[in-house]
2 protein chains.
Amino acid sequence: MRAGQNVSAERLEDVLALLHAQGDRVTTPRRLLIESLIEAGGHRTAEELAAEVQSRAPDVHLSTIYRNLEELERLGVIEQVRFGGGAATYHLAAARHGHLVCSECGVTIEVPDELFRPLERTAKTRYGFTIDPHHLAMRGRCVACSASEHSPGG
Amino acid sequence: MRAGQNVSAERLEDVLALLHAQGDRVTTPRRLLIESLIEAGGHRTAEELAAEVQSRAPDVHLSTIYRNLEELERLGVIEQVRFGGGAATYHLAAARHGHLVCSECGVTIEVPDELFRPLERTAKTRYGFTIDPHHLAMRGRCVACSASEHSPGG
DNA sequence: CGTCATCTGCGAATGATTCGCAACGTAGCA
DNA sequence: TGCTACGTTGCGAATCATTCGCAGATGACG
Ligand SMILES: [Mn+2]
Ligand SMILES: [Mn+2]
Ligand SMILES: [Zn+2]
Ligand SMILES: [Zn+2]
């Protein structure tokens, strides 16, 4: 049981147990953050999670959110996902998936890891490189934006 | 001839012609930046490019570099590549390729686009999504870091 | 309860990028 | 060879996301 490999902690009690086992303390900000992540379902920025937590404990500071996100990621409970320019987003590692983000309209499509298998295999075979398809999104153009192609002269 | 689709401008004169055709002016900072990008070969941050340009024209400001990088990207002359956390990097669009970045040691492997073809095809078929495999790197673990796996107890 | 290391709130610092604006320089034309 | 128009630059301040330092608060365990 090594940190960063855990995929199955998706209930509050599981995560708290994991924290406890690490010698980490179960504090109010921490518990509220985990609850927010579990309830969230989708991607949330640190700022969004802070707002959620603060609706129940107004004094929790954004820097505390960042510190706890860092620790939860280290434990493998959550995953940080970068979509490109802006703020990083986070979600439960149990809900792992790949991401396609449209550079035009910003829409995000969540796709099963399975889509990345051929790429993962080739990268492994040719370069010995083990791809993690979760941490960054693939950019491109969604079907809608491909259709409305710059009002094609006509 | 639409902006953002140009792949072939790799000589200074080509790029200058492209600028001119757009009504953009050929200024000293701009020309020096393009020269730096051509000479660079690999990935460069705005800061690195600024240093290079400033070695010949000391007063060129970093914000001017950013503004010109933005314009050159818009014209499809260069491509912005984000590796994850830090500063964005840039290189000639003519030298397009994919990127594998080791989360452990930071090493970057440049790979042919061809590696992404299966992924591109599936994304297109299943989601109508056209992937651009250049703008973001794939994270993971390089062969060296996979070998030295956390000093495996024994 | 008491001890003590871990956490937290807070504000300041950092790093990357963007913005506002007045001065400047390029390109087209007289 | 100017003149003009407007794109561009230098500069500093602003913004956005994230990290740090520190003194005081709090959870764990006995
Ligand atoms: Mn996701
Ligand atoms: Mn590259
Ligand atoms: Zn779109
Ligand atoms: Zn490595």
Side-chain angles (χ1 to χ4, degrees), chain A residues 3 12 15-34 36 43-51 53-75 78 80-90 106 135-137, chain B residues 3 15-34 36 43-51 53-75 78 80-90 106 135-136:
Chain A
L12 178 59
V15 180
L16 296 185
L18 193 59
L19 285 169
H20 198 264
Q22 295 277 323
D24 288 343
R25 291 178 186 170
V26 176
T27 67
T28 303
R30 198 164 268 176
R31 187 169 33 72
L32 290 175
L33 174 60
I34 299 165
S36 297
H43 307 118
R44 294 288 186 279
T45 63
E47 198 108 33
E48 289 165 349
L49 290 163
V53 167
Q54 284 159 2
S55 74
R56 303 197 222 173
D59 284 348
V60 174
H61 198 273
L62 182 54
S63 66
T64 299
I65 300 293
Y66 275 110
R67 281 187 288 236
N68 280 306
L69 287 171
E70 194 180 355
E71 176 67 359
L72 289 172
E73 191 189 11
R74 205 185 60 77
L75 295 181
I78 64 174
Q80 186 194 60
V81 185
R82 293 194 173 271
F83 283 5
T89 66
Y90 303 82
H135 184 63
L136 288 175
Chain B
V15 181
L16 296 186
L18 194 58
L19 285 169
H20 197 265
Q22 294 279 320
D24 288 344
R25 291 178 183 170
V26 176
T27 66
T28 303
R30 197 165 270 177
R31 187 170 33 72
L32 290 175
L33 174 59
I34 298 165
S36 296
H43 307 118
R44 294 288 186 280
T45 64
E47 197 108 34
E48 289 164 350
L49 291 163
V53 167
Q54 284 159 1
S55 75
R56 304 195 221 173
D59 284 350
V60 174
H61 198 273
L62 181 54
S63 65
T64 298
I65 300 293
Y66 275 109
R67 282 187 286 235
N68 280 305
L69 287 172
E70 194 180 354
E71 176 66 359
L72 289 172
E73 192 190 11
R74 204 184 61 77
L75 295 181
I78 64 172
Q80 186 194 60
V81 184
R82 293 193 172 272
F83 283 5
T89 66
Y90 303 83
H135 185 65
L136 288 174

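In what follows, chains carry the letters A, B, and so on, assigned in the order in which the sequence lines appear, proteins first and then strands, with residues in each chain numbered from 1.
For B:E71, the side chain to side chain contact (heavy atoms under 4.5 Å, CB included) partners are B:D24, B:R74, B:L75, not counting sequence neighbours. Considering only residues two or more places apart in sequence or on other chains, B:A17 meets the side chain to side chain contact (heavy atoms under 4.5 Å, CB included) condition with none of them. With sequence neighbours excluded, the residues satisfying side chain to side chain contact (heavy atoms under 4.5 Å, CB included) with A:E48 are A:R44, A:T45. Scored by the side chain to side chain contact (heavy atoms under 4.5 Å, CB included) test, B:A51 finds no partners at all (sequence neighbours excluded). Among residues two or more places apart in sequence or in another chain, the salt bridge (charged side-chain N to carboxylate O under 4.0 Å, His left out) test is passed with B:R56 by B:E35, B:E39. Residues passing the side chain to side chain donor-acceptor pair (under 3.5 Å) test with A:H61 are A:S63, sequence neighbours excluded.
Within the 4.0 angstrom heavy-atom criterion, only backbone atoms of the sugar-phosphate kind lie near A:R30; the bases stay farther away. Here B:A88 lies in heavy-atom contact (under 4.0 Å) with sugar-phosphate atoms only.
When all heavy atoms of A:A46 and A:L69 are compared, the closest pair comes out as CB-CD1, 3.9 Å. Taking each heavy atom of A:A137 and B:L136 in turn, the nearest pair found is O-CD1, 2.8 Å.
Taking atom CZ of A:R44 as the reference point, atom P of D:dA17 lies 16 Å away to the nearest angstrom. Atom pair B:E71:CD and D:dT9:P shows a separation of 10 Å (rounding to whole Å applied). Rounded to whole angstrom, the span from the CZ atom of B:R82 across to the P atom of D:dA17 amounts to 12 Å. As a whole-Å value, the separation of B:R31 CZ from D:dT8 P is 15 Å.
Counting only residues at least two apart or on different chains, no salt bridge (charged side-chain N to carboxylate O under 4.0 Å, His left out) pair has a member in residues 59-68 of chain B.
With hydrogens and angles disregarded, no donor-acceptor distance shorter than 3.5 Å links the side chain of B:R30 to the backbone of B:N68. Side-chain atoms of B:H135 come within 3.5 Å of backbone N or O of B:Q80 as a donor-acceptor pair.
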Would you give a per-nucleotide map of nucleotides 24-30 of chain D, 5' to 3', where B means the base has a protein non-hydrogen atom under 4.0 Å away, S means only the sugar-phosphate does, and - means neither? --BBSS-
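Between the axis at the start and the axis at the end of the helix from C:dC1-D:dG30 to C:dA30-D:dT1 there is an angle of 30°, using five pairs per end and rounding to 10 degrees.
With rounding to the nearest 0.5 Å, the separation of CD1 in A:I78 from CD1 in A:I34 is 9.0 Å.
Protein chain A contacts DNA chain C over a range whose 5' and 3' limits, counting nucleotides with an atom under 4.0 angstrom from a non-hydrogen atom, are C:dA5 to C:dG11.
For the segment residues 56-65 of chain A, the set of residues with a heavy atom within less than 4.0 Å of an atom of DNA chain D comprises A:L62, A:S63, in numerical order.
Comparing A:R67 and A:A46 against DNA chain D, the residue whose closest nucleotide sits nearer the 5' end is A:A46. Each of A:G23 and B:T45 lies near DNA chain C, and the nucleotide nearest A:G23 is the one positioned closer to the 5' end.
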Report the C-alpha separation of A:V60 and A:L33 in whole Å, then their side-chain angles, then the decisive distance to 0.1 Å, and conclude whether the side-chain contact (heavy atoms from CB on, under 4.5 Å) test is met. CA-CA 10 Å; A:V60 174; A:L33 174 60; over 6 Å; no
